[in-house]
Amino acid sequence: MSTGEMTVNAAGREVPQIINGERHVPYQGVNKYRPKGRKAAPPIATCIDYPPDGDKRVSSLKEALKKAGLQDGMTISTHHHLRNGDFVANMVFDAAAELGVKNLRWFPSAAFPIHAHLIQYLESGVIHHIEGSMNGPLGEFCSRGKMRGTGILRSHGGRWQAIQDGEVHIDIAVIAAPTADPFGNANGVRGKSACGLLGFAEADAMYADKVIVVTDNLEPFPVIPWQIHGNYVDYVVEVESIGDPTKIVSGTTVLTRSPDRLRIAEMAAQFILETGIMRDGFSFQSGASGTALAFTVFVRDLMRKHGIRARFARGGSTKYLVEMLEEGLVDYILDGQTFDLEGVRSMRENPNHQNTNPFTSYNFHGKGNFASMVDVVVLGATEVDVNFNANVVTHSDGRLLHGIGGWQNCLFSKTTMLLLPLFRDRIPVIVDEVTTLVGPGELIDVVVTERGIAVNPRRQDLLEKLRGTSLPIRSIEELKEEAERICGGKPQKPKFDDQVVAVIKWVDGTVIDAVRKLAD
Amino acid sequence: MAATFAEAGNRGEAVRSDCWVKITPKNEGGIRLQLKSKVEALYGESIRQLVRDVLQFFGIEHAEVEMEDSGAVPFVQMARLEAAIRKLKLDGGKRYLPDFVQSVPAPQRDRFRRSRLYVPGDQPKLMLNAPLHEPDGLILDLEDSVPPDKKLDARILVRNALRALDFRTCERMVRINQLPMGLEDLEEILPHKVDVILIPKVESAEQVQEVEARVEEFLHKSADGREVFFMPIIESALGIMRAFEIATASRRNVALAIGLEDYTADIGAQRTLEGKESFFARSVIVNAARAAGIQPIDTVFSDVQDMEGLRASVLEAKALGFDGKGCIHPRQIRPIHEAFAPTEEELEKAKKIVLAFEEAQRKGLGVVALGSKMIDPPVVKRAQRTIELARKTGLLDENWREGA
């Protein structure tokens with residue numbers, strides 16, 4: 001809530017410098033901020049304090065939290081591998097509430113609608129504020145200015161960066177594990193709650209003071225593969241169920257039937273063919289949204305037709321990507337999360353389906369990462385403006401409704417394409433200025449809508465290759481005007497109070513924008 | 001006695017890009033608007049202004065207005081407000097019309113009608129982007145896809161769409177209801193530049209002539225001078241037996257279509273994939289249309305998931321002599337265009353004929369010959385059409401003569 005002294009950052013956005021009592025650096029531009037110093041480190045542990053037989057089981061999560069020294073004001077982390085089927089984050093704060101602790105900082109890698117359960121603890125003061133994504137009801141709660149502290153939103157890579165740089169010190173990490181052994185080795189490829197991989201929890205395992213593994217499928221030592229090394233783990237808790245399997249991964253991923261989304265996806269696939277991005281040995285990344293999935297399928301068809309083979313594809317994996325791997329259209333899947341059962345199976349069985357984590361894929365304060373090596377990535381957004389700046393966290397009406405995920409990190413690929421409808425119902429998606437700046441326009445190359453494709457004027461090379469194309473290439477201003485014409489004029493601006501309810505971090509830990517409380 | 005209130009439009013969880021209004025006229029108190037809109041933060045002010053403008057236009061000074069809006073664009077909101085006001089009989093014969101969004105070219109008798117996409121006339125969400133998928137014809141449907149209690153709502157919405165929707169390259173089509181309701185539809189839509197009227201369930205020449213009389217009457221009054229064409233749809237055994245009379249009933253007929261769902265029921269048969277039961281009827285349509293010099297158009301393919309089945313069905317239609325096919329989902333359009341595209345063999349032959357014809361013209365010869373064979377004018381025309389189709393489907397570029 002304390003916004004501290006405000007400053008205008010390099011993107012022209014007014015942002016606080018003191019957030020929840022801690023000093024943060026304002027955004028300085030793309031590739032401008034250089035960190036100094038050494039990484040954070042957890043305390044040195046000794047075997048003396050751990051059972052020599054490797055059995056770290058304790059009777060309940062509450063017991064484990066007590067043993068881990070849970071206290072007021074601590075930072076508790078959880079992870080979103082179980083997506084909207086996750087029971088564990090809710091269990092953690094139920095236990096914390098029973099233990100009577102207050103003012104916790106919840107540091108999830110992402111939150112889902114199922115975590116609306118935690119609103120009661122935000123209200124009662126068990127949780128002080130959230131640093132992570134705020135989706136749906138939690139975002140709504142935050143937008144109304146009801147959270148005690150200021151929310152901080154980070155990308156997946158930014159979360160790793162914040163942990164390793166010591167910006168966020170995790171007191172207790174609680175890792176939901178679909179399979180684990182009593183020593184704490186854990187993975188996500190087996191068990192009734194299988195989710196594929198546990199990459200989002202790896203930084204927490206390495207850097208947190210205390211680490212608790214919670215599982216509903218305990219196997220005898222050794223559990224292999226050990227996606228989480230038991231050597232980082234303090235306590236193992238066995239519970240009846242860590243999640244609802246039907247909401248963790250989908251049984252089968254179904255392709256969208258929306259003619260408009262299919263049209264957007266098909267145009268995007270054609271675009272990468274015509275610009276020569278799609279060529280032997282290329283790489284691509286697309287998510288599991290309806291449009292992105294359809295893009296993957298159209299890319300597959302074009303690759304078959306033209307006899308093109310990709311070196312690697314970055315997941316979220318689905319059965320469509322798995323089929324391409326098995327058909328030999330791609331050599332490797334480098335997977336950040338698996339979205340369906342076929343993805344989980346493939347990761348378990350196929351050595352060329354490699355699990356990744358935010359360190360390898362996205363961490364900006366490392367010696368390189370994969371994101372910048374990808375030839376083309378397709379992403380969504382809630383808004384994009386005429387300067388190609390984009391927003392993924394708030395809607396045009398000002399409400400905070402989504403997390404950043406890997407979105408910011410992916411902007412560093414060689415060509416970044418946003419696949420968007422020109423308007424949603426009556427809401428124009430291309431606007432004069434984004435409500436919240438999450439991605440700088442200089443990193444966004446192409447916007448594909450059902451009514452035309454706008455190429456960032458910075459990418460003359462792409463425009464050059466598109467001479468004589470039958471694709472509908474138009475300026476972003478033209479597209480904006482068309483959206484406004486259909487929707488009935490320029491939309492009003494949402495009304496905000498001055499109070500900052502959340503800030504948006506850039507990939508290097510600087511503050512790129514602030515989200516303000518919606519006026520009543 | 002006038003009703004105490006009236007409603008129009010659609011609301012509910014699944015409804016999007018639409019709005020529902022309820023207007024209760026009052027004797028005093030001015031206009032009281034209760035607005036619940038998904039886009040309140042963005043367009044709340046402009047929606048309130050629109051409601052005031054529309055009520056003022058109709059001279060309504062006192063009323064309670066409830067509006068639930070799921071993101072309707074302005075022409076939809078205008079239609080819903082007008083529909084409620086007309087149900088209250090407070091319109092005084094006036095019409096609240098959105099501006100034309102595009103300059104509408106004159107309709108053409110002789111154009112391709114390979115695909116025609118049906119869009120339900122009371123579902124604005126499906127209208128907005130339908131033209132992007134480039135069917136040859138876009139049909140705003142007032143008949144089977146509109147429930148009986150929504151006929152007025154749909155009629156006004158379709159009228160507004162004819163003005164405010166950018167049809168791009170699509171022919172502007174409306175399927176009216178069966179007569180006599182269809183005559184009311186005509187009244188509403190004729191002034192708004194419709195290209196083709198689809199007349200459903202036609203069983204006699206008189207039905208077409210009744211529509212024609214109404215159109216002539218309108219054109220006479222309006223001094224618009226704009227052509228309006230017809231596509232009668234035959235959907236019964238009786239219609240089939242009178243197909244040629246129907247096809248020749250009006251000079252405005254440009255195509256004759258068949259609707260198989262009703263037809264198969266009418267002859268007491270099941271509709272099958274092989275379609276033996278409709279072979280006779282489809283052949284009759286092709287022959288009647290060809291004899292009348294208009295285009296024979298096949299029924300819709302109703303399984304939107306089955307793309308292979310669709311392709312086979314279009315190839316069969318083409319083989320029977322049809323020029324077009326109906327569709328109910330935009331994804332069906334491209335397979336239809338591809339299947340109607342000329343084969344390589346057809347194209348090679350057409351190229352030779354057209355080149356021979358052009359050669360003959362250059363030399364001032366009255367007769368076209370290919371080798372030792374004489375080519376009749378209808379064959380030349382057919383070949384030119386094939387070339388045009390190949391150009392349209394991207395099989396030939398404009399410089400095709402150079403490579404030939």
Side-chain angles (χ1 to χ4, degrees), chain A residues 143 254-267 270 294 297-298 301 382-383 394-399 401 421-429 431-432 435 449-453 468-472 481-496 518-520, chain B residues 15-19 37-50 53 69-78 98-99 101-102 117 119 124-135 161 164-166 168 303-305 307 327-334 392-394 397-398:
Chain A
S143 285
V254 185
L255 206 57
T256 179
R257 275 173 58 191
S258 152
D260 302 329
R261 287 180 180 189
L262 288 167
R263 179 181 161 83
I264 293 168
E266 187 169 19
M267 287 184 348
Q270 185 66 25
V297 171
F298 286 117
D301 293 347
T382 57
E383 294 177 321
T394 51
H395 280 204
S396 306
D397 62 8
R399 277 180 307 155
L401 284 179
L422 191 59
F423 54 95
R424 297 187 172 95
D425 295 325
R426 194 188 174 173
I427 304 166
V429 170
V431 295
D432 286 315
T435 308
T449 77
E450 75 283 9
R451 285 165 188 267
I453 301 176
T469 180
S470 58
L471 287 168
E481 277 156 24
E482 179 158 358
E484 287 176 355
R485 184 179 60 65
I486 294 166
C487 296
K490 244 183 228 309
Q492 302 151 217
K493 288 272 174 202
K495 294 187 183 72
F496 296 105
L518 277 175
D520 294 323
Chain B
V15 176
R16 290 175 60 195
S17 304
D18 202 342
C19 75
S37 172
K38 188 175 171 179
V39 295
E40 169 70 53
L42 303 175
Y43 289 105
E45 279 317 304
S46 82
I47 295 172
R48 288 187 177 83
Q49 187 59 47
L50 179 73
D53 289 349
D69 170 54
S70 55
V73 299
F75 84 79
V76 177
Q77 292 173 332
M78 291 174 194
D99 292 336
V101 72
Q102 59 178 153
L117 175 66
V119 176
K125 170 142 187 69
L126 300 178
M127 289 179 187
L128 291 178
N129 282 344
L132 296 181
H133 303 281
E134 297 179 342
L165 186 67
D166 183 351
R168 298 166 87 103
D303 185 348
V304 298
Q305 294 287 52
M307 287 296 160
C327 40
I328 52 171
H329 192 281
R331 294 307 290 178
Q332 296 181 318
I333 294 165
R334 192 184 306 162
K392 214 173 157 70
T393 357
D397 66 21
E398 53 183 337

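The chains referred to below are lettered A, B, ... by the order of the sequence lines, with proteins before strands, and numbering in each begins at 1. Scope of the values below: all heavy atoms of this structure, side chains included, with no hydrogens, waters or symmetry mates.
- Contact of B:E40 with chain A is made through the backbone alone, with heavy-atom distances under 4.5 Å.
- Proximity to chain A (any heavy atom under 4.5 Å) is shown, for B:A130, by neither the backbone nor the side chain.
- Heavy-atom pairs under 4.5 Å with chain A were tallied for B:R16, B:H329, B:K38, B:E45; the largest tally goes to B:R16.
- Between atom CG of residue A:L422 and atom CD of residue A:E484 there is a gap of 10.0 Å, rounded to the nearest 0.5 Å.
- In this structure, the portion of B:Q77 lying under 4.5 Å from any heavy atom of chain A is its side chain and not its backbone.
- Of all heavy-atom pairs spanning A:F423 and A:C487, the tightest one is CB-SG, 3.7 Å.
- Heavy-atom pairs under 4.5 Å with chain B peak, among A:R424, A:R485, A:R257, A:K490, at A:R257.
- Contacts of B:V76 with chain A are absent, with no heavy-atom separation under 4.5 Å from either backbone or side chain.
- Note: A:R426 leads A:R426, A:E450, A:R399 in heavy-atom pairs under 4.5 Å with chain B.
- Residues satisfying the ring-ring contact (aromatic ring centres under 6.0 Å, His included) test with A:H395, not counting sequence neighbours, are A:H402.
- With chain B as partner, the option from A:D397, A:I486, A:L262 having the largest number of non-hydrogen pairs under 4.5 angstrom is A:L262.
- For chain B, no part of A:K495 is nearby; none of its heavy atoms comes within less than 4.5 Å.
- In this structure, NZ in B:K125 is found 4.5 Å from OG in B:S17, a value given to the nearest 0.5 Å.
- At a 4.5 Å heavy-atom cutoff, B:L50 makes no contact with chain A through either its backbone or its side chain.
- With values rounded to the nearest 0.5 angstrom, B:L117 atom CG is found 12.5 Å from B:E134 atom CD.
- For B:I47, the part lying under 4.5 angstrom from a heavy atom of chain A is the side chain only.
- Of the possible donor and acceptor atoms, none in the side chain of B:D99 sits under 3.5 Å from a partner among the backbone N and O of B:V101.
- Under 3.5 Å, the side chains of B:N129 and A:R451 contain a donor-acceptor pair of N or O atoms.
- Crowding of B:R48 atom CZ: a count of heavy atoms from other residues, nucleotides or ligands under 6.0 Å exceeding 12.
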